[in-house]
Amino acid sequence: MKLTFPHMGTLDMVLSDLFSRLETDFIIPPKTSVKTVNLGTKHAPEFACFPLKVTIGNLIEGLEAGADAVVMVGGIGPCRFGFYAEVQNKILRDAGYDFEMIVLEPPTTDIKDFMKKCKKIAPKKTLWQIFQAVRVGWKKAVAIDEVEKKVLKTRCFEKNFGDTTAMHKKALAVLGKAITPREIQMARDKALSVIDGAKKDFENNPLKIGIVGEFYVLLEPCINFDIERYLGQKGIYLERSVYLTDWISFSKKNPVMGLSNDEVAKAAKPYLSHFVGGEGQATVGHVVKFAEEGFDGVIQLLPFTCMPEIIAKSVLPKIHRELDIPVLTLVIDEQTGRAGIITRLEAFIDLLWSKRKKKLSIVG
Amino acid sequence: MIGYLGVDVGSVSTNLVVIDEKTNVVAYIYRRTMGEPIRAVQEGLRELKELLPLGIEIGGAGTTGSARYLSGVIVGADVVKNEITAHAVAASHIVPDVRTVLEIGGQDSKIIILREGVAVDFAMNTVCAAGTGSFLDHQAERIGIPIEEFGAYALKSQAPAQIAGRCTVFAESDMIHKQQMGYHAEDIIYGLCQSLVRNYLNNIAKGKELLSPIVFQGGVAANLGIKKAFEEALETRVIIPKYFNVMGAIGAALLAKERVENKPETSFKGFSTSDIDFKTSSFYCKGCSNNCEILKIEVGKEVLARWGGRCGKWEIE
Amino acid sequence: MKVGVPRALLYYKYFPLWETFFSELGAEVVLSSPTNKRILNLGTEAAENEVCLPVKIFYGHVISLKDKVDALFIPRIVSVEGGAYTCPKFLGLPDMIRALDVDLPQIISPTFNLKLGLREFYRSVYELGGFFTKNLFKIVMAFQKGLNKLDSFENLLHDGHLLNEALAGRFFPAPKGRLRIGVVGHPYNIFDQYISMNLIERLQKKGIKVLTAEMVEEEVVDKIVTGLQKKLFWTYEKDVVGAVFHWLDAKSVDGIIYVLSFACGPDSLIQILIEHEAKQQGFSVPIMPIVIDEHSGEAGLVTRLEAFVDMMSRKVGSEKS
């Protein structure tokens, strides 16, 4: 059995680490490209959400590359994501692919089924060994995210254009090689100091922008036009509402973002007082948090037709009125062009600078 | 005399403007891009030079529009700015207390909200052409009335036809339907204007507070039918600036003037840039799986600029 | 007290219950007028562009109603059965309306979530009733009466009456034609005559007997959806899938019209299940999806309906001969 899986940011790195620990054969599909998107758009229904289209493209490319099994996670709604695996399965079969579909439903729904699936993924390992592998792999995943968070925060200070990105690559390579918990711990510290290796100029007082939205488009630079790198290289300090481990984690405490789900829900409450699936309420909560922390603006990434993000977008005008924080919503799907995104970002940056200057002139 | 050059190259039109030190417009050119931005800029410059009074010297140059980087290289721009900022700058310069800018161009349309001279919100539409000049051009062709006469026709309308649909395709089929039902041309035309305005307000201007003074600019502002439809829908007067169709270029010129104040000398290459043989080519970067298309502009063997990659490794400006 | 109920979305599911409950507690129920062009325009102006058509319509009804009432009833209906949700949009609806930059009357928006159990559910009922009376007994009685009303409404549907007729309490004899067409989709799309452009009436005028998902018994639906590989976690989509699968299996209709609204999240995925199943069954019953949005034109619908009906009559004719 050769497993494949969809891409999502650094997920391939985390999963290859895990599958290697489990001695499970796997194939990483080619990085998400225009071809991937085209494949997905061809097979998925027109107004399915964009992540579904892209991941279908990933799976096709993975199966074409020789995989004969797909691993996905399920869900219990109400966001469509919980139904992805089922729909992917049907679409790929209707398109003539033969493969085994392994869907990991949340262990809280059916713990026996969950363990059965785990055994299926790692037939050579006992459940205890699987648990250990996940435990150690998790440490690495957190380290990868910590490095990413640092990159976002410091890229704006780099003296030489592109340094931070190069150091990020180096840092990930360091982490990639670590295997034992001790090695991971050391690699983490080293990776974080590698990022510091890029020459920095902390003198300037950069614009601060928070990035929120649906997790898939947030985490996958191939799909979001790598806007974090673009903004960072324009000298903007960034923070993001969700990292890969925040999303995977079943616990309430988010390890990387640093805010617990409860805190975020509480911040969202005056504007969206109930969860609505996906990151809908988190998006709202983080906008409020960013506003409270004095960020200059927020960018929301919304995959076309995404229900939770549309709900979030619907309540943003009220936040804008009450907290005076500019929010730019970028709707992303296969028809979105890079030029349009860049023009909006440039204009948004201009707007935030002039807003800040105005504020300063009033204060001064 | 010192002049400042502004160049706005969009997918439909290419506009060039020279303003003097008192920011008066000295000369301007409005021409079609015809899919060849380099030629449009070069020929535009040549034509512009003919219009300029003797003894004027360009002290600064700015570019804007979707081809702003390309045209920036060709003219040697001191400042390259996105068209939203350029339009806002121009509008607030001409109508200092402007609070709303409606801009409808050939391929895209935007709205900019300003408060006390500062842009505080904006939105633009580029995906769909329904709220843009192209849509009107297309329909003018279909009805067989020159677009220039559209406005006059629209003003004659007594009972405008209700034309549905924000989408060009739907609007078109509905329009054909109305034609076949025997509506007068002027009523259909004004109906189209109203439909365009309605769609603009529902899509681009959604949720924005449109306070007057409202400035309406961009090529479509030439159409009096649209102006009237805006005034009816917004229940207020709409100001159309004198140089409504080259406001982006004026904004770029104003920004250039501002920039060179903090700069020893301009990067402007002179009007002779019209005679240089710029070559553009593109290739796909194989550096990673993104396979970005990289655009390259050369003169002879010298590479003047490259852009298009996501990572920035090809960028030279 | 005048309580406004927007004639949209879950009105088509639960209005008999709501109306009875409020009236029993002494409130006057004010319903917005049936959807019309003005309401549609109000909705598309107020709602974000990305919002689906039925929710835009809901916005329109709210705005058309807001100045005529003392309070608006916009419940947050999270879950109406243990294992499933309604739709994310229903979970956020009261907040979406509150975010509007217009003057709104008081919004009564209790949360109904059967996932949390019956106790929590009844707590919400008391909370809702508390707006009108402190008398708990009265609230319980009113709710029971409402439930009875809802039951008899649903029985009418199961007996084969169309939803709009059952809501209005006026019944017309069904056409006696040979052709039977199943029309599925969300009731707020199909039975909003402005949005569906009188789809059902148009079919009936052609002498076609129309069946809808509401007529399929719950037990039948439950049996079908429990057989699915993956549990469906949207209640109202279960009804759609259950009805279509049942018709496909029992061959009890000659054709199926599946009405979807553009940008409807759940519909976009359910469509795949239905297409997959139809393929498995060898396309023995033709299915025509009709996607509606605010731009849909009547001419397009008429042409497609005629073609579909022609196709089926020819097929049925050739099978009979």
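Chain naming here is simple, since letters A, B, ... match the order of the sequence lines and numbering starts at 1 in each.
- In this structure, B/K81 and A/D350 have side chains that are in contact, with non-hydrogen atoms separated by less than 4.5 Å.
- The two atoms that bring B/A119 and A/L351 nearest to each other are O-CG, 3.4 Å, heavy atoms only.
- Counting heavy-atom neighbours within 6.0 Å of A/K200 NZ, excluding the residue itself, gives a total above 12.
- Heavy-atom neighbours of B/Y284 OH from other residues, nucleotides or ligands within 6.0 Å: at or below the threshold of 12.
- Within 6.0 Å of CZ on B/R259 lie no more than 12 heavy atoms contributed by other residues, nucleotides or ligands.
- Neither the backbone nor the side chain of A/L352 has a heavy atom closer than 4.5 Å to any heavy atom of chain B.
- Chain B forms the most heavy-atom pairs under 4.5 Å with one residue out of A/A347, A/G337, A/A339, and that residue is A/A347.
- Inter-residue side-chain proximity for B/I84 and A/F348 is flagged as unmet; no heavy-atom pair is nearer than 4.5 Å.
- Shown here is B/K263, whose NZ atom has more than 12 heavy atoms of other residues, nucleotides or ligands within 6.0 Å.
- The shortest distance between side-chain heavy atoms of A/E346 and B/T85 does not fall below 4.5 Å.
- Atom CZ of B/R32 sits in a sparse spot, with 12 or fewer heavy atoms from other residues, nucleotides or ligands closer than 6.0 Å.
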